[in-house]
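Just so we're on the same page: letters track the sequence lines, and every chain starts at 1.
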Number of protein chains: 2
Amino acid sequence: MRRHELTNPAAAHTDGASHDHAVCIDALLDRAKHSFGEKGLKLTALRLRVLEEIAASHDAVGAYDVLERLAARSGGKVAPISVYRAIEALREAGVVHRLESRNAFFACHAPHLGRHGHMALVCDKCAEVVEVEAPDFHASLQRAGRDRGFAVTSAIAEGFGVCEVCRAEATKPAHEEQS
Amino acid sequence: MRRHELTNPAAAHTDGASHDHAVCIDALLDRAKHSFGEKGLKLTALRLRVLEEIAASHDAVGAYDVLERLAARSGGKVAPISVYRAIEALREAGVVHRLESRNAFFACHAPHLGRHGHMALVCDKCAEVVEVEAPDFHASLQRAGRDRGFAVTSAIAEGFGVCEVCRAEATKPAHEEQS
DNA sequence: GGGCCGATGATATGATATAACACTTGAGCC
DNA sequence: GGCTCAAGTGTTATATCATATCATCGGCCC
C-alpha cells in the first residue's frame with residue numbers, strides 16, 4: 001500500500017454521490033485553458049490527461065497514483081518525471097495545488113481571486129480536500145512576521161479534521177451507512 | 001547536492017554570529033527532559049543525540065542530514081529508521097516540529113502555550129526557521145471550516161520570505177558582507 | 001528469574017522526486 | 001521550403017525521503 005493512501009474507496013462519497021462532479025470538471029477545464037493561454041503556456045495532451053486524473057475527484061492524489069491511472073486508462077506508459085513536469089505546469093497555471101503535508105496534489109476548483117490567503121482543509125476520513133478563502137490569514141502572517149523583521153512573501157495553510165459528509169455518516173447507525 | 005539543501009553555509013549567520021546559541025540549546029534540553037518526563041517517555045541517548053543535531057542550528061534539517069551528522073560525530077552508524085523513530089518521539093514531546101513543505105525538521109525553541117496557532121516562517125535565503133504565535137489563525141481556520149461543515153482539529157501554517165538578518169545583508173554593499 | 005514492554009538494531013524495500021541528455025515539434029522568420 | 005529556436009516530451013538513471021518486519025536488548029514489575 002502507498003504510504004499515504006489518500007483515496008479511501010470505502011469512505012469515498014465524492015464521486016457522483018453528493019454532487020455533479022462533471023460540472024466541477026467542465027469549469028476547471030475551462031479555467032485551465034484560459035489560464036494556460038494567459039500565461040503563454042500550452043495545455044498539451046499530456047497536461048490535460050494529468051489534470052483530468054487529478055480532477056477526477058476532490059481528493060489529493062500522489063504523482064505516482066496519477067501515473068498508474070494514466071497507464072491503466074491508456075495503456076501507454078509515462079515516466080514519473082513527465083507526470084511531475086505536467087503537474088508543475090498545472091501548478092503554474094493555478095489549477096492544481098500541492099498538499100504539502102501529504103506530498104500529494106489536488107485540483108483547485110475555486111480560483112483565488114485574492115492571490116494569497118487560501119487554505120486547504122483535508123478530511124482525515126475520506127481524504128477530500130476543500131479550499132476555503134481566508135483573507136485575514138496572509139495579513140496576520142505578514143503582521144506576525146513583521147514583528148520579527150521577517151518579510152513574508154508567500155504562505156501555505158492546511159487544516160485537518162472531518163468533513164460534513166463524514167461527520168453525518170459518523171453519527172448514523174452502522175447499518176445505515178450503505179443507504 | 002541534497003534536493004532541499006536547507007543549510008547554506010555561505011549564508012549562515014545563525015551560529016555564533018547573531019546570538020548565543022548555547023542558551024537556546026540549554027533551554028531546549030531542559031524543556032525536553034521535562035516534557036519527556038511529563039509524557040512518560042524516555043529521553044534516551046539516541047533521542048538526545050538526534051535532538052542535539054537538530055537543535056544545533058535554527059535551520060530545518062532532513063532526517064538523512066541528521067543521520068550523516070551523527071555518523072560524522074560518533075563514527076558509529078545509525079539506520080534511517082532509528083533516526084525517524086527518534087524524531088517521532090521528539091515530535092511527540094513537542095521539542096521538534098516537521099517543516100511539511102520541505103520534508104525537514106526543526107527544533108522548537110518556543111513552547112506553544114496555546115496548543116495550536118503557531119506558524120513557521122522560513123527564510124528563503126538562509127533556511128532559518130522562526131516560529132511565531134498566531135492565536136487567531138486556528139480560530140479563523142475553524143470558523144472558515146465551520147461554514148463548510150468541516151470540523152477542524154489541527155492545522156499547520158508555513159510562511160516563506162526573507163528574515164531580518166538576510167534583509168539587512170541584502171541592502172549592504174557586497175564588499176561589506178564579511179564585516 | 002521470568003515475563004512484559006519500550007527502545008533499538010539490522011535488513012530490506014517502498015514511495016517520492018529530480019538530473020542529464022536526446023529527440024520531436026511547431027512557431028516565427030528568411 | 002528550409003532554418004533556427006525554444007518548449008515540451010521521452011529515456012535512462014539516480015537521488016532523496018520514509019517505512020515494514022523481525023530480531024535483540026535492557027529495564028521494570030511481580
Side-chain angles (χ1 to χ4, degrees), chain A residues 1-7 32 36-51 53-54 60-71 74-93 96-106 127, chain B residues 1-7 32 36-51 53-54 60-71 74-93 96-106 127:
Chain A
M1 162 176 149
R2 278 271 138 63
R3 190 144 38 93
H4 296 304
E5 185 57 76
L6 292 174
T7 304
F36 268 84
E38 265 186 350
K39 292 189 161 62
L41 299 167
K42 276 179 281 191
L43 183 51
T44 64
L46 177 63
R47 290 169 180 179
L48 183 58
R49 286 167 66 206
V50 169
L51 177 57
E53 296 301 339
I54 294 177
V61 296
Y64 280 74
D65 285 329
V66 172
L67 191 64
E68 284 172 15
R69 291 175 197 187
L70 286 178
S74 71
K77 72 182 197 305
V78 180
I81 183 105
S82 294
V83 173
Y84 279 101
R85 285 192 285 222
I87 289 173
E88 187 53 35
L90 293 166
R91 290 177 67 193
E92 271 171 32
V96 162
H97 299 311
R98 180 186 171 86
L99 190 61
E100 300 289 351
S101 58
R102 301 277 207 272
N103 296 335
F105 307 89
F106 61 97
Chain B
M1 164 175 146
R2 278 273 136 63
R3 188 145 38 89
H4 295 305
E5 186 55 77
L6 293 176
T7 303
F36 267 84
E38 264 187 350
K39 291 191 162 62
L41 300 166
K42 277 179 284 189
L43 183 51
T44 63
L46 177 63
R47 289 169 181 176
L48 183 57
R49 286 168 65 204
V50 169
L51 177 57
E53 296 301 339
I54 295 178
V61 295
Y64 280 74
D65 285 328
V66 173
L67 192 64
E68 284 171 14
R69 292 174 196 187
L70 285 179
S74 70
K77 71 180 195 307
V78 180
I81 183 100
S82 294
V83 173
Y84 278 102
R85 286 194 285 223
I87 289 173
E88 188 53 35
L90 292 165
R91 290 178 65 193
E92 271 170 32
V96 162
H97 299 312
R98 180 185 172 86
L99 190 62
E100 300 289 350
S101 58
R102 301 277 206 273
N103 297 334
F105 306 89
F106 61 96

So, is [X] near the phosphate of [N], with a side-chain N or O under 4.0 Å from OP1 or OP2?
X: A:Arg102; N: D:dA18; value: no
X: A:Asn103; N: C:dA17; value: yes
X: B:Thr44; N: C:dT8; value: yes

Tell me the interatomic distance from [X], atom [atom1], to [N], atom [atom2], rounded to whole angstroms.
X: B:Leu67; N: D:dA18; atom1: CG; atom2: C1'; value: 12 Å
X: A:Leu43; N: D:dG8; atom1: CG; atom2: C1'; value: 13 Å
X: B:Phe105; N: D:dT16; atom1: CZ; atom2: P; value: 16 Å
X: B:Leu46; N: C:dA10; atom1: CG; atom2: P; value: 12 Å
X: A:Phe36; N: D:dG8; atom1: CZ; atom2: C1'; value: 12 Å
X: A:Leu70; N: D:dT9; atom1: CG; atom2: C1'; value: 14 Å
X: A:Leu99; N: C:dT16; atom1: CG; atom2: P; value: 13 Å

Checklist entry - In terms of the nearest nucleotide of DNA chain D, which residue is placed more toward the 5' end: B:Arg98 or A:Ala79? => result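 Its nearest nucleotide being more 5', the pick is A:Ala79.
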Checking A:Ala79 now: which residues fulfil side-chain contact (heavy atoms from CB on, under 4.5 Å) with it, not counting sequence neighbours?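 In terms of side-chain contact (heavy atoms from CB on, under 4.5 Å), with neighbours along the sequence ignored, A:Ala79 is linked to A:Ile81, A:Ser82.
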#### Entry: Residues touching DNA chain C, which here means a heavy atom under 4.0 Å, drawn from residues 81-90 of chain B
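Of all residues in residues 81-90 of chain B, the ones placing a heavy atom under 4.0 Å from DNA chain C are B:Ile81, B:Ser82, B:Arg85.
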_Could you check whether the side chain of A:Tyr64 and the base of C:dA17 have a donor-acceptor pair of N or O atoms closer than 3.5 Å, going by distance alone?_
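Side chain to base: pair present.
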Most 5' of B:Pro80 and A:Ala63 on DNA chain C, judged by nearest nucleotide: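 Nearer the 5' end of the strand: B:Pro80.
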Please identify each residue that fulfils ring-ring contact (aromatic ring centres under 6.0 Å, His included) with B:Phe106, with sequence neighbours left out.
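ring-ring contact (aromatic ring centres under 6.0 Å, His included) list for B:Phe106, sorted by chain: B:His97.
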Donor-acceptor contacts, no H, no angles, side chain residues 41-49 of chain A, under 3.5 Å, sequence neighbours left out:
residue	atom	partner	partner atom	Å
A:Thr44	OG1	A:Arg47	N	3.4
A:Arg47	NH1	A:Lys42	O	2.8
A:Arg49	NH2	A:Ser74	OG	2.9

| message | Give me the atom names and distance for the closest heavy-atom approach of B:Ala86 to B:Val50. | response |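 Where B:Ala86 meets B:Val50 most closely, the heavy atoms are CB-CG2, 3.7 Å.
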For DNA chain C, the expected dot-bracket line (Watson-Crick or G-U under 3.5 Å, [ ] crossing, | inter-strand) is ||||||||||||||||||||||||||||||
Sub-3.5 Å pairs of nitrogen or oxygen atoms, protein against nucleotides 26-29 of chain C:
none

May I have all residue pairs that pass salt bridge (Lys or Arg N to Asp or Glu O under 4.0 Å) and include part of residues 83-93 of chain A, sequence neighbours excluded?
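Residue pairs passing salt bridge (Lys or Arg N to Asp or Glu O under 4.0 Å), neighbours aside: A:Glu88-A:Arg91.
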